[in-house]
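Just the heavy atoms: all of them, side chains too, but no hydrogens, waters or symmetry mates, feed the values below. Every chain is numbered from 1, with letters handed out A, B, ... down the list of sequences.
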Amino acid sequence: MLSIIPLSLAALVLVAYFGGKNRAVAVVAGRRSTLHSRPLYHGTYVAVWVGIPALLLSLVWLFLQGPVIDILLVRSLPSDLRDGLDGSQLQLLLSEIRSLAKGSVFGNPTAEVIAAAERYKAWQVLAGWALVVSSLAISIAALVITRNHIAKRFYARHRVEQVLDWLMIACSTLAILTTLGIVVSLSIESLRFFDLVSPGEFLFGLNWEPQIPIRKGQVTAGGAFGAIPVYLGTLLIALIAMLVAIPVGLLSAIYLAEYSSKRARAILKPLLEILAGIPTVVYGFFAVLVVAPALRNFGQIVGMDIAPNSALAAGGVMGIMLIPFISSFSDDAISAVPRSLREGAYGLGATKGETIVDILLPAALPGIMGGVLLAVSRAIGETMIVVMAAGIIASLTLNPLEPVTTVTVQIVTLLIGDSEFDNPKTLAAFALGLVLFLATLALNVLALRFTRKYREQYD
Amino acid sequence: MTGDNIEPIDEIQTDGFAFPAELPIKIKSRNVDVSYGDKQALFGVDLDIPANHVVALIGPSGCGKSTYLRCLNRMNDVIDIARVSGNIELDGVNIYDDTIDVVELRARIGMVFQKPNPFPKSIFDNVAYGPRIHGIANDKAELEEIVVTSLQKAGLFDEVKDRLGDSGISLSGGQQQRLCIARAIATRPEVILMDEPASALDPIATAVIEELIDELRQNFTIVIVTHSMQQAARVSQYTAFFHLGYLVEFGDTEAIFTNPTDKRTQDYITGRFG
Ligand SMILES: Nc1ncnc2c1ncn2[C@@H]1O[C@H](COP(=O)(O)OP(=O)(O)OP(=O)(O)O)[C@@H](O)[C@H]1O
Ligand SMILES: [Mg+2]
């Protein structure tokens, strides 16, 4: 029954749009140029008023309908049934009535409960129809009223633009609210974690052994939640990845943008971008089965002991995965620098190298930074390659030849299994996530500052 | 405009014109053809540029003035589809020869482009860029000296002296044009190619630039493209008239403007002059 609303609303909006448009043309007897706003705006104006209020009403209504009916239902219950019930018992009673109304019967409901279920059913139907009728009434009223606004000098465009303004504000607010929601939920769980483990220990502790006793009174492990090794591992792997990705990516971009022939570019660019499309699991295989053994062999030859799981293997392979992020962004940014700037430099007798370094790269820097940032966030967030190639053991080391672990890997391992969200092991995941979130946020803000400052200077 | 219904011209209509015998020729071009892809833009241009003189290139829009100018410092090399053939000599050496280093050539032949193209750097760095890469200045003071005099000559210094650190892009169109002129002369080339250097300038700034051109002539050779007949008449000693990719007429500026031999030159000059 409620599905009538979207269908009829859509139909009404279409009618409103075309009706408004036609009416606008009719009002000026077809001489469109004499209208203040183009017919399109008149149509949109009417359509907006027909659609949006009814839509909002429906949303609010559906939100409130459940609670309101619940309140009415409780009121309507005979007093001997509801007196002396505390909150959760009342909830239990209500859900019994609801499920009865849906048709599933448990045990022997009393007559009062059956009557209440009947009432519940009836009210729901009533509320549904009331909503249909009132929203359609609003739409039709809006149609009639706004249609009469249409006139030669009616500023429909201004009205529509105002509505669009609000729409855009609403959309950006939605994004901001989502971010806020994430932060709040992360923070709440993290606070619970910090009740159990002190922030000092978490932030500055050098030992990460997130075990909890499985049985009560088990003696073995209290667990240690010092996150430094985890963050250090993340940093190390991301650093190795960027050391591979930035130079290779940037140089490929320069080759593609400035040196390659059109044909070579048409072939190489898509090939390079395929790298970004390979699933990370495959990179993980590659790291474990090819890169790590190769590194180990090499280590044996030169007399170094390289662990089978090493930050170098994981970071290196991750760097390869990130090459297209940097090369693609940088190539676009470099190619977007107008030819006149290149000619200006060449005209002064600058070499190609000087032109690239002095003119093109600075001018393309904001775009290049965008690619680098994206790559860094990918590197920090990457989990699969690390699990496969670098391991899950947190060791406090900056040696790229040893196994390390990263934040995201730890979050996954902490949350695997079915423990409740009431012990430090699972809650630690949220704390890790929160710190990671804050770190990447800070990184983004810094990069934004950097590019802005640079832009002020160069743009 | 298409070139189809125009019969090719075999020789330049320069009857009775000859450079004075003792005049040294800086740039000599013979039979220069240029095409962009399938479209030919210049047809067999023969033109000599005498040293320490100003040669003006005039002609209707799209006739190939910029194209010719860009041949002289091989700037057409930058355009993928452009093909240049013929012979262009600078001081008797073919600049399209394989042994020629384009970078060196362009350091000797400076250019001011039709559209101002300041670098996204500070005003100071824009002008200092050429001297820096060529190591013209020995120390910071000398570099500053070069920047300041170049800006002064281009008539821009007074407007920007308090904000040399601002971006060159923040300047107005006419200011950018003068910045590009300052940038070109700071490198101290032997030849300066100017493609409508005064197109965005007010009469006062134009007068400054024209004075500059006259002054530069003492030491440099100048080729200037202009749409203003008056300007051509004021600053140049020789004038070349281009039409649909052909060099139609070349001669003493005075002769071209007072007594053109070719009908097309006459039409063009009177159409705009009158
Ligand atoms: N980069 C290019 N690609 C393709 N065709 C070009 C290019 N540059 C110039 N042309 C063509 O070559 C012809 C000559 O152009 P050119 O720029 O030399 O004219 P111009 O005399 O400088 O004109 P204006 O006075 O408008 O600057 C024109 O027909 C133009 O369409
Ligand atoms: Mg031109």
Counting heavy atoms not belonging to [X], are there more than 12 under 6.0 Å from its [atom1]?
| X | atom1 | result |
| --- | --- | --- |
| A:R265 | CZ | yes |
| B:K115 | NZ | no |
| B:E211 | CD | no |

Shortest non-hydrogen contact from [X] toward [Y]:
| X | Y | result |
| --- | --- | --- |
| A:G344 | B:F119 | C-CZ, 3.7 Å |
| B:Y129 | A:L348 | CD2-CD1, 4.0 Å |
| A:L341 | B:P120 | CD1-CD, 3.6 Å |
| A:Y346 | B:R106 | O-CD, 3.1 Å |

Can you say whether [X] sits under 4.5 Å from chain A via the side chain, the backbone, both, or neither, judging by heavy atoms?
| X | result |
| --- | --- |
| B:R183 | both |
| B:L105 | neither |
| B:D80 | side chain |
| B:P116 | neither |

Could you grab the distance from atom OG1 of A:T355 to atom CD1 of B:I133, nearest 0.5 Å is fine?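 A:T355 atom OG1 to B:I133 atom CD1 measures 7.0 Å (nearest 0.5 Å).
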Working note: B:K121 + A:I359, criterion side-chain contact (heavy atoms from CB on, under 4.5 Å); need CA distance, chi angles, decisive distance, verdict. CA-CA 9 Å; B:K121 294 178 181 296; A:I359 310 295; 3.8 Å; yes
Let's test your reading of the structure: which of B:M111, B:R74, B:M75 forms the most heavy-atom pairs below 4.5 Å with chain A?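 Ranked by contacts with chain A, first place is B:M75.
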